[in-house]
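Heads up: the structure comes next, in structure tokens.
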Amino acid sequence: MEYLIVTEKVELRPDAISLDYKVQSVPVERVGNSTALPLPRLAKVQNVLKMRARAKKAMPRAIFDFIDGAAEQEISRRRNRSQFDNWGFVHRVGVDVSRIDMSVELFGDTYDAPFGIGPTGLAGLAWPKAETLIAQGAKAANIPFCLSTVSSVRLEEVAENAGAGLWFQLYIFKDRGLARELVSRAKQAGYKVLVITVDCATGGNRERDPKNDFTLPLRPTMRSALDILRRPGWIGRLLANGAPKPENMVEAAAKAAQNAQGLVVFMSEQLDPSVTWREVEEFVELWDGPVVIKGVLSAEDAGTAVKIGADGFILSNHGGRQLDGAVSSLHVVERVRDAVGPSPTIFCDGGFRRGADILKARALGANAVLMGRNTLYGVGAAGRPGVDHVIHLLKTEVERALVLLGVPRVSDLTRDHLMDMSRLPPAPLKAD
């Protein structure tokens with residue numbers, strides 16, 4: 001069922017707002033494990049950026065900015081988008097492209113496209129049980145999905161609803177016992193690939209959040225109340241399902257005498273600036289399957305990751321959410337590939353919104369691309385159908401770009417299909 005929210009009483013205080021609601025139910029479609037709004041006309045959503053615009057309208061500003069925003073001046077976030085402008089395609093003609101093969105092999109599994117879904121914390125802020133819905137969408141499309149340690153659904157529940165073979169992202173917490181327990185739980189639940197994040201020695205300074213009075217747990221203030229009330233669908237789902245919290249941390253927080261409201265503080269306190277490659281190696285050795293190191297940008301660190309036994313790494317500036325000014329993955333992928341050779345699996349993330357973006361990373365030496373915000377936009381705008389539509393859009397764009405490039409198989413894409421436009425002289429202001 002769907003919930004139509006009618007405000008009965010609004011109590012304003014200097015630090016917060018108290019909302020009392022009468023909730024009237026009306027029948028609508030049900031999607032996955034959560035209540036769905038009447039579906040928008042997704043046929044008019046022609047690309048990921050249009051889905052982003054839908055999500056912006058569907059969610060309160062504070063929630064959207066938490067998902068969409070980045071650190072400080074957001075230089076890295078903007079650079080993540082502009083990095084693609086430096087590369088131009090050199091297409092080939094006279095090639096039979098009547099059949100296109102977009103498949104890639106990653107760690108012994110064959111996937112239907114050269115991209116997957118990267119880990120995003122507390123995706124349930126966008127839609128109840130969003131992690132499960134996104135995992136199911138990825139499974140149906142046969143692309144990789146990586147669950148965040150800080151998911152709003154327990155890792156066991158996601159695996160139960162989406163099937164074995166998912167990937168799991170891990171932070172090496174101050175409480176090493178907690179981190180080891182998460183590894184053990186992921187093993188038992190059937191996760192295949194362990195992704196260890198190494199670029200979170202502390203949290204980034206994301207200035208949109210205090211500007212919007214955004215806090216975790218959620219506490220609406222007078223300034224944000226009207227904006228929230230304009231999104232009855234979002235707040236109805238929140239009331240029906242409860243505020244999201246990092247479900248994988250509940251037991252650990254309880255042992256540390258933290259209540260449910262203190263879960264996010266507990267998790268933040270667990271970020272450990274003392275972690276070195278020695279600790280990373282210990283966790284690599286704990287896992288029986290493939291291990292990927294997330295947050296690498298230098299060729300030196302990529303080489304170290306290989307030396308300690310990692311099977312691959314994700315070139316990432318954390319979506320611009322950590323060190324503002326950090327370089328983007330396309331700026332370093334060639335250098336890193338030259339340094340480590342052909343064997344390690346290299347992923348890129350950050351700023352990928354188009355199928356053509358994905359192919360540029362592949363041509364420069366990456367095996368595949370991981371994206372987080374794109375399916376958050378989809379699920380935030382329309383639940384599971386939004387996820388499916390985003391994946392469909394990206395697959396379609398990748399296929400079309402390969403046809404127009406004259407490349408029948410994504411595995412045939414090479415550096416020769418790209419030209420570095422930043423080294424060309426600027427175009428004249430007026431034609432001769």
Side-chain angles (χ1 to χ4, degrees), residues 102-120 138 142-149 165-172 183 186-187 191-200 275 277 279-319 326-352 357-372 410-411 413-415:
M102 298 188 294
S103 65
V104 294
E105 184 176 328
L106 302 171
F107 310 122
D109 290 330
T110 300
Y111 295 98
D112 287 352
F115 65 87
I117 312 303
T120 53
N142 191 30
I143 61 173
F145 169 82
C146 183
L147 182 71
S148 170
T149 286
L166 305 176
W167 303 5
F168 181 71
Q169 176 267 332
L170 176 77
Y171 293 105
I172 301 178
V183 170
K187 280 184 186 179
Y191 287 78
K192 178 177 180 177
V193 178
L194 180 67
V195 177
I196 303 176
T197 296
V198 294
D199 61 352
C200 281
V275 171
W277 283 109
E279 285 79 25
V280 176
E281 184 175 11
E282 291 176 4
F283 279 86
V284 170
E285 293 173 352
L286 285 177
W287 193 254
D288 297 330
V291 177
V292 175
I293 307 300
K294 181 178 184 293
V296 173
L297 281 177
S298 74
E300 292 78 9
D301 284 345
T304 302
V306 172
K307 287 179 182 178
I308 66 170
D311 301 275
F313 36 84
I314 303 171
L315 302 177
S316 173
N317 60 25
H318 214 99
V327 299
S328 303
S329 57
L330 289 197
H331 296 143
V332 298
V333 61
E334 276 191 292
R335 182 185 307 173
V336 171
R337 176 58 80 190
D338 289 343
V340 301
S343 296
T345 302
I346 298 180
F347 300 91
C348 290
D349 77 3
F352 290 83
D357 301 341
I358 295 165
L359 295 183
K360 288 178 181 180
R362 174 84 191 192
L364 288 170
N367 295 83
V369 165
L370 296 179
M371 297 170 284
V410 74
S411 58
L413 200 61
T414 71
R415 177 65 175 79

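We count residues from 1, following the sequence as given. What you see below is based on every heavy atom in this structure, not just the backbone, and it leaves out hydrogens, waters and symmetry mates.
To the nearest 0.5 angstrom, Asn367 atom CG is 6.5 Å from Ile346 atom CD1. Atom CD of Glu300 is separated from atom OG1 of Thr304 by 8.0 Å, given to the nearest 0.5 angstrom.
Contact of the Ile143 side chain with the Ile117 side chain is registered, since non-hydrogen atoms from C-beta on lie closer than 4.5 Å. The closest side-chain heavy-atom distance from Lys187 to Trp287 is below 4.5 Å. A 4.5 Å side-chain heavy-atom check between Leu147 and Gln169 finds every atom pair outside the cut-off. Looking at Ile314 and Val292, their side chains come closer than 4.5 Å, going by heavy atoms from C-beta outward. A 4.5 Å side-chain heavy-atom check between Val104 and Phe115 finds every atom pair outside the cut-off. Two residues are said to be in side-chain contact when any heavy atoms from C-beta on lie closer than 4.5 Å; Lys294 and Cys146 fail this criterion. The side-chain heavy atoms of Trp277 and Asp301, taken from C-beta on, include a pair separated by under 4.5 Å. Residues Phe313 and Val198 form no side-chain contact, since every pair of their non-hydrogen atoms from C-beta on lies 4.5 Å or further apart.
Nearest heavy-atom pair across Ala366 and Val333 is N-CG2, 3.8 Å. Nearest heavy-atom pair, Met102 versus Asp112, reported as atom, atom and distance to 0.1 Å: CB-O, 3.5 Å. Smallest separation of non-hydrogen atoms from Gly303 and Val340: N-CG1, 4.1 Å. Minimum interatomic distance between Ala138 and Pro144 (heavy atoms only, all atoms of both residues): CB-O, 4.1 Å. The nearest pair of heavy atoms linking Thr120 to Ser148 is O-CB, 3.5 Å. In terms of heavy-atom proximity, Ile293 sits nearest to Ala310 at CG1-CB, 3.7 Å.
A side chain to side chain contact (heavy atoms under 4.5 Å, CB included) with Ile196 is found for one member of Ile172, Val275, Val183 and no other, namely Ile172. Of the residues Leu106, Leu166, Asp109, Asp288, the one that meets the side chain to side chain contact (heavy atoms under 4.5 Å, CB included) test with Lys192 is Asp109.
No side-chain donor-acceptor contact under 3.5 Å links Ser328 to the backbone of His331. When atom types are taken as modelled, the side chain of Arg337 and the backbone of Pro344 share a donor-acceptor pair closer than 3.5 angstrom. With hydrogens and angles ignored, the 3.5 Å screen pairs no side-chain donor or acceptor of Arg362 with any backbone N or O of Ala368.
The aromatic rings of Phe347 and Phe107 sit tilted, their planes meeting at an angle between 30° and 60°.
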How far apart are the C-alpha atoms of Thr345 and Asp311, what are their side-chain angles, what is the distance that settles it, and do they pass the side chain to side chain contact (heavy atoms under 4.5 Å, CB included) test? CA-CA 6 Å; Thr345 302; Asp311 301 275; 5.7 Å; no
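Side-chain contact of Asp349 with Ser316: a donor-acceptor pair under 3.5 Å is present, judged by distance alone.
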